[in-house]
Amino acid sequence: MIYFINKKFIIFLACLFTMIFLSSIYINYRSVATFSDSPVEEELFFPAFNVHVNDTDKVVALTFDDGPTREYTTKILNYLDAKNVVATFFVLGIRLKNNDDILIDMVKNGCEIGNHSYNHKQFLYLKNDEVKKQIEYVDNYVRNVTGFSIRSVRTPYGEYNQRIKKTIDRPIVLWNIDSEDWKRKDASKIAEHVISNVQSGSIILLHDIFDFSYEATILIVEELLAQGYKFVTVSQLLELNEVNGDGIVFWSK
Ligand SMILES: [Zn+2]
């Protein structure tokens, strides 16, 4: 009899725990689903700080996302160094291991390292503590290896809303010239698009994960140097605007 009751009781407990487990999954799913439903156009791109630079200054910021990669970032860095040109690299956490020397070279060459998240997940679908973890991993890794404290964040896909902005609580730096290198796949076409749209204060988006982007970088730098442009990092560009930028989204237009 006691054995029988125990058996029933165990089955009851098993059912209870299964129900608790399943409902926790459901609640978790609901909270993620709520985020995925919430972003609307206006919320995604609420007004951002507009970088403004006097046209006579002729400054421009080159930025590279989604690296570092041994194959392409190294070539880009060597080329920029030879031309005495600086850029900003928005790095991914998953690409940092085994690339310490590249990070060290970036800092040594006067380039800036920016934070592009751990693994490029859409922040709009992550909870606040997950967003923080994504950012902290890159911050800590780069600081440990180079001593450099990252100041700027570029959210994956440039997506943000009020919640993300508040969670990150430091400058989110986007771009105003999207080279669309991944889509154009041709160095001349990429360079032509960038050069025909550039103006003082422009923030140019490229990716240091393709050979055509490296080739396009050469064409862009040669042309813009010939036109008298000076290359600055995104932090230097923001300093020219005399704003400290905490919690502000920068989007040059
Ligand atoms: Zn990216």
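In each ligand, atom 1 is the first atom listed, and ligand 1 is the first ligand listed.
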Original post:
Is the closest side-chain heavy-atom distance between Ser117 and Phe90 below 4.5 Å?
Top reply: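 No - every pair of side-chain heavy atoms lies 4.5 Å or more apart.
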
Subject >> Any Leu80 side-chain heavy atom under 4.5 Å of Ile76 side chain >> reply: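 Side chain of Leu80 against side chain of Ile76, heavy atoms only: contact under 4.5 Å found.
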
**OP:** Sum up the protein N, O or S atoms located under 2.8 Å from the Zn ion (ligand 1).
**Re:**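 That number is 3, waters not included.
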
Subject >> Test of ring centre spacing under 6.0 Å for Tyr72 and Tyr214 >> reply: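 No: the rings miss the under 6.0 Å criterion.
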
Original post:
How long is the gap from NZ on Lys183 to CG on Asp178, to the nearest 0.5 Å?
Top reply: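 Spacing of NZ (Lys183) from CG (Asp178) equals 8.0 Å.
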
Original post:
For Asn98 and Tyr141, which heavy atoms make the closest approach, and how far apart are they?
Top reply: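 Here Asn98 and Tyr141 meet closest at N-OH, 4.2 Å.
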
**OP:** Establish, yes or no, whether the cationic atom of Lys58 lies under 6.0 Å from the six-membered ring centre of Tyr229 and within 45° of the ring axis.
**Re:**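 The answer is yes, since Lys58 meets both limits relative to Tyr229.
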
